[in-house]
Amino acid sequence: MTEKSFRFSTEFFAPAREKHFHCTALVASVTLVFGATFDLSRPAHAQWAVYDGANHVENVLIAARTLQQIDNQITSLANQAQMLVNQGRNLASLPLSTLSTLQSTISQTTALLAQAQNIAYSVQSVEQQYQQAYTSVSSGMSDSALFSQAQTRWQNSVGGFEDALKLQARVVGNIPSDSSAMTQLVSASQTSTGALQAAQAGNQLLALQSRQLSDIQAELAANGRATALQQARDAATEAESEAQYRHFSQHDAYVPGTVSMFGGSGN
């Protein structure tokens, strides 16, 4: 056979052989797929890889469920971490405290009340001194004794009004500091990070209000004391006038006589 004839034979039969090989491979592949799909119990030949579709699907489902469980666990851990953060915020203490300022203000008001002049804020002191200066007036007392008691009562009244004025000045002086403390506490309450801080801010606001109420109570007591001393003085003055009148009426009657004026002879 010549070289030209051999080349022609090869070019003519090569497509046919290639086509036959492709068909054989296609048939083998289809046979393998259908064999693996419809006859799973038939043992596979060692030279072919066996694809178990059902097992693959089951593995995919198991992996999906595992991933879902892991995702749920991650979400649960994130929620627990956030809960711990919130608990930490709820347990955080308020960094602001006005207790020392409130205690100092109350101490100053208490000191003013303790400096009450003459008659102190004491039941025993009131009973003793009131008995001596206001209820012991009698017609048998000398003029000097009556004057001394009247002087004491006047001093008590003046001292009572002075004490009331001092206390009023103290209460008015507390207003700027109270305003500043209230502003700080309200701001701290509004910017609180947790329930504890908000509660502590509210408690301090209540403490501030209680201190202001104590100022009002002290002022009312001082004003009432001054008014009571003045009223007691008025009542004692009335009793003293009556005692002086009775003392005067106990003397002999008035006897008229001739009075000489300007060196005259009675004209």
Straight-line distance of Q230 CD to T237 OG1, nearest 0.5 Å: 8.0 Å
Straight-line distance of Q73 CD to Q68 CD, nearest 0.5 Å: 11.0 Å
With N79 via side-chain contact (heavy atoms from CB on, under 4.5 Å) - residues at least two apart: T75
All side-chain contact (heavy atoms from CB on, under 4.5 Å) counterparts of S144, not counting sequence neighbours: S142
Crowding at [atom1], [X] (>12 non-hydrogen neighbours, <6.0 Å):
{"X": "Q184", "atom1": "CD", "value": "yes"}
{"X": "Q108", "atom1": "CD", "value": "yes"}
{"X": "Q117", "atom1": "CD", "value": "yes"}

Does some side-chain heavy atom of [Y] sit less than 4.5 Å from a side-chain heavy atom of [X]?
{"X": "Q197", "Y": "S93", "answer": "no"}
{"X": "D163", "Y": "Q115", "answer": "no"}
{"X": "I62", "Y": "T66", "answer": "yes"}

Main-chain N/O of [Y] paired with [X] side-chain donor or acceptor, under 3.5 Å:
{"X": "T227", "Y": "N223", "result": "yes"}
{"X": "S179", "Y": "P176", "result": "no"}
{"X": "R153", "Y": "A133", "result": "yes"}
{"X": "N90", "Y": "A195", "result": "yes"}
{"X": "Q204", "Y": "T98", "result": "yes"}

Residues in salt bridge (Lys or Arg N to Asp or Glu O under 4.0 Å) contact with E58, at least two apart in sequence or another chain: R65
Pairs where residues 146-165 contributes a residue and the test ring-ring contact (aromatic ring centres under 6.0 Å, His included) is met, not counting sequence neighbours: none
Ion pair R170/E219, N-O distance below 4.0 Å: no
All N/O donor-acceptor pairs, side-chain side in residues 121-130, below 3.5 Å, sequence neighbours left out:
unit_1: S125; atom_1: OG; unit_2: Q129; atom_2: NE2; d: 3.1
unit_1: Q129; atom_1: NE2; unit_2: N118; atom_2: O; d: 3.1

Side chain to side chain contact (heavy atoms under 4.5 Å, CB included) assessment of T152 paired with Y134: CA-CA 9 Å; T152 300; Y134 295 91; over 6 Å; no
Residues E240 and Q149: side-chain donor-acceptor under 3.5 angstrom: no
ILVMFWY clustering at 4.5 Å (side-chain atoms), partners of L102: L94, L96, M182, L185, V186, L205, L208
